[in-house]
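Taking it in order: structure first as structure tokens, then the write-up.
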2 protein chains.
Amino acid sequence: MKSLEPIEVFKALSNEARLQILEWLKDPKAYFGPQEGVDLIDVGVCVSQITAKLNMTQSTTSQYLSVLQRAGLIHATRIGKWTYYKRDEEAIQAIATYIRKDL
Amino acid sequence: MKSLEPIEVFKALSNEARLQILEWLKDPKAYFGPQEGVDLIDVGVCVSQITAKLNMTQSTTSQYLSVLQRAGLIHATRIGKWTYYKRDEEAIQAIATYIRKDL
DNA sequence: TTGACATATCGGGAATTATCGATATAATAA
DNA sequence: TTATTATATCGATAATTCCCGATATGTCAA
């Protein structure tokens with residue numbers, strides 16, 4: 001189990017767009033169209049699809065995904081030229097537990 | 001029950017000193033000396049005591065307490081010239097629940 | 001190879017946050 | 001009333017974050 005610095009997690013969550021991304025990734029089928037030969041649920045959603053929904057540039061989207069990843073809330077899988085991002089449900093539960101028990 | 005904007009809560013928690021204050025307030029008897037005629041547990045801890053432990057000015061402490069209060073994580077009770085701050089345990093559990101179920 | 005596409009990173013200006021000192025306000029004590 | 005103490009607020013500067021455009025890197029197809 002990775003470290004999960006609570007403060008980094010809270011910083012990552014302190015931004016509307018990043019919160020939005022996390023919510024979309026909770027139910028990818030509801031928010032994103034299907035992707036050539038990959039299972040949205042299993043593998044995740046690629047940067048272009050997220051950029052398309054977010055009202056921001058590809059650059060910003062990519063950076064926000066990095067922030068969420070460094071916080072441990074999502075992880076990336078590269079397949080060909082795409083990078084698919086997926087929530088780390090365990091980490092998300094872990095931060096809830098941190099608040100409930102330790103904060 | 002108050003609103004509790006998750007993003008405001010996360011912003012409030014995105015600072016080491018404010019996180020520290022919340023942790024101290026979790027167990028006031030462990031971190032603060034007794035106060036003239038008030039029950040630390042019931043009423044809370046006054047700004048001076050918190051300022052004394054935090055390594056920052058009274059001004060900063062007061063502002064951080066405001067931020068935590070506006071986020072709904074603590075609440076204040078004024079008695080005489082002192083303002084006592086106390087955690088809102090319900091709100092803290094509520095944000096844990098938000099993360100666990102809705103994020 | 002070269003070209004095209006997906007993503008990542010760099011450099012920067014604008015907006016927000018961190019934190020202070022000075023001062024205003026509120027309450028009590030003398 | 002005046003002085004004193006506790007807290008809140010104001011104004012300012014430094015640091016950080018937001019978000020962009022430009023460009024670099026990685027991968028596949030021709």
Side-chain angles (χ1 to χ4, degrees), chain A residues 5 7-22 25 32-38 40 43-71 73-86, chain B residues 5 7-22 24-25 28 32-38 40 43-71 73-86:
Chain A
E5 280 307 320
I7 211 152
E8 293 311 316
V9 174
F10 294 136
K11 284 182 185 174
L13 296 176
S14 295
N15 174 282
E16 205 71 67
R18 287 190 299 259
L19 226 40
Q20 180 71 94
I21 291 172
L22 270 187
L25 291 183
F32 302 97
Q35 174 85 0
E36 277 298 303
V38 295
L40 277 187
V43 179
V45 182
C46 71
V47 182
S48 336
Q49 287 186 292
I50 298 170
T51 302
K53 283 196 75 68
L54 206 59
N55 212 11
M56 294 183 189
T57 63
Q58 181 273 323
S59 162
T60 299
T61 304
S62 178
Q63 284 177 94
Y64 282 1
L65 290 167
S66 278
V67 170
L68 289 169
Q69 183 175 26
R70 279 196 302 273
L73 295 164
I74 61 179
H75 66 85
T77 310
R78 178 130 204 175
I79 300 181
K81 42 185 174 180
W82 294 274
T83 307
Y84 297 94
Y85 285 93
K86 182 171 155 50
Chain B
E5 280 306 319
I7 208 148
E8 294 311 316
V9 173
F10 294 137
K11 284 182 185 173
L13 296 176
S14 294
N15 174 282
E16 205 71 69
R18 288 191 299 257
L19 226 38
Q20 179 72 90
I21 291 173
L22 269 187
W24 286 337
L25 291 183
F32 303 97
Q35 173 85 358
E36 277 298 303
V38 295
L40 277 188
V43 179
V45 182
C46 71
V47 183
S48 336
Q49 287 186 292
I50 298 171
T51 302
K53 283 196 72 71
L54 207 58
N55 212 12
M56 295 184 187
T57 64
Q58 181 272 323
S59 163
T60 300
T61 305
S62 177
Q63 284 178 96
Y64 281 1
L65 289 167
S66 279
V67 170
L68 289 169
Q69 184 176 25
R70 277 196 302 276
L73 295 164
I74 63 180
H75 65 87
T77 309
R78 178 129 204 178
I79 299 181
K81 43 186 174 182
W82 293 274
T83 307
Y84 298 94
Y85 284 92
K86 183 172 156 44

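On a predicted model such as this, the values are computed, not experimentally measured, just so you know. Side chains are part of it too, since the values below use all heavy atoms of this structure and drop only hydrogens, waters and symmetry mates. Proteins get letters first, then strands, A, B, ... in listed order; numbering begins at 1 in each.
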Protein-nucleotides 15-19 of chain D N/O pairs closer than 3.5 Å?
| from | atom 1 | to | atom 2 | distance (Å) |
| --- | --- | --- | --- | --- |
| dC18(D) | OP1 | Asn15(A) | ND2 | 3.3 |
| dC18(D) | OP1 | Arg18(A) | NH2 | 3.2 |
| dC18(D) | OP2 | Arg18(A) | NH1 | 3.2 |
| dC18(D) | OP2 | Arg18(A) | NH2 | 3.4 |
| dC19(D) | OP2 | Asn15(A) | ND2 | 3.4 |
| dC19(D) | OP2 | Tyr64(A) | OH | 2.2 |

Interface with DNA chain C, restricted to residues 75-82 of chain B and to heavy atoms under 4.0 Å =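 Residues of residues 75-82 of chain B that come under 4.0 Å of DNA chain C are, in numerical order, Gly80(B), Lys81(B).
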
inquiry  = Heavy-atom nearest nucleotide on DNA chain D for Val47(B) versus Thr61(A): which residue maps closer to 5'?
reply    =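 The answer here is Val47(B).
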
Contact interval (first through last nucleotide) of DNA chain C with protein chain B, 4.0 Å heavy-atom =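 It runs dT17(C) to dT28(C).
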
About how many Å separate [atom2] of [Y] and [atom1] of [X], when rounded to the nearest 0.5 Å?
X: Arg18(A); Y: Lys11(A); atom1: CZ; atom2: NZ; answer: 11.0 Å
X: Glu8(B); Y: Leu13(B); atom1: CD; atom2: CG; answer: 11.0 Å
X: Glu16(A); Y: Ile7(B); atom1: CD; atom2: CD1; answer: 4.0 Å

key: Residue Ser59(B), side-chain atoms from C-beta onward, closest of dA22(D), dA6(D), dT9(D)   =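 Nearest nucleotide to the side chain: dT9(D).
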
inquiry  = With heavy-atom distances below 4.5 Å as the criterion, would you say the side chains of Phe32(B) and Ile50(B) are in contact?
reply    =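 Counting from C-beta outward, Phe32(B) and Ile50(B) do come under 4.5 Å.
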
ask   = How close or far is atom P of dA6(D) from atom CG of Leu65(B), stated in whole angstroms?
value =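 In whole Å, dA6(D) P and Leu65(B) CG are 16 Å from each other.
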
message = Can you give me the closest heavy-atom contact between Val9(B) and Ala71(B), atom names plus distance?
response =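 Closest approach of Val9(B) to Ala71(B): CG2-O, 3.6 Å.
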
query = Taking all non-hydrogen atoms of both residues, which atom of Gly33(B) and which atom of Leu40(B) are closest, and how far apart?
reply =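 Smallest heavy-atom distance, with atoms named: O-CD1, 3.6 Å.
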
task = Remember a base hit wins even if backbone is also touched, and classify Tyr85(A) as base, sugar-phosphate or nothing at under 4.0 Å, heavy atoms.
result =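 Counting heavy atoms under 4.0 Å across all strands, the contact made by Tyr85(A) is with sugar-phosphate only.
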
query = NA contact type, Thr83(A), heavy-atom cut-off 4.0 Å: base, sugar-phosphate, or nothing?
reply =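 Here Thr83(A) touches the backbone only, sparing every base.
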
In residues 75-86 of chain A, what donor-acceptor pairs under 3.5 Å come from side-chain atoms, sequence neighbours left out?
| from | atom 1 | to | atom 2 | distance (Å) |
| --- | --- | --- | --- | --- |
| Arg78(A) | NE | Gly80(A) | O | 3.2 |
| Tyr84(A) | OH | Gln35(A) | NE2 | 3.4 |
| Lys86(A) | NZ | Ile41(A) | O | 3.2 |

For residues 55-68 of chain A, dump all side-chain donor-acceptor pairs below 3.5 Å to protein atoms at least two apart in sequence or in another chain.
| from | atom 1 | to | atom 2 | distance (Å) |
| --- | --- | --- | --- | --- |
| Thr57(A) | OG1 | Thr60(A) | N | 3.2 |
| Thr57(A) | OG1 | Thr60(A) | OG1 | 3.1 |
| Ser59(A) | OG | Gln63(A) | NE2 | 3.3 |
| Thr61(A) | OG1 | Thr51(A) | OG1 | 3.3 |
| Thr61(A) | OG1 | Thr57(A) | O | 2.9 |
| Gln63(A) | NE2 | Ser59(A) | O | 3.4 |

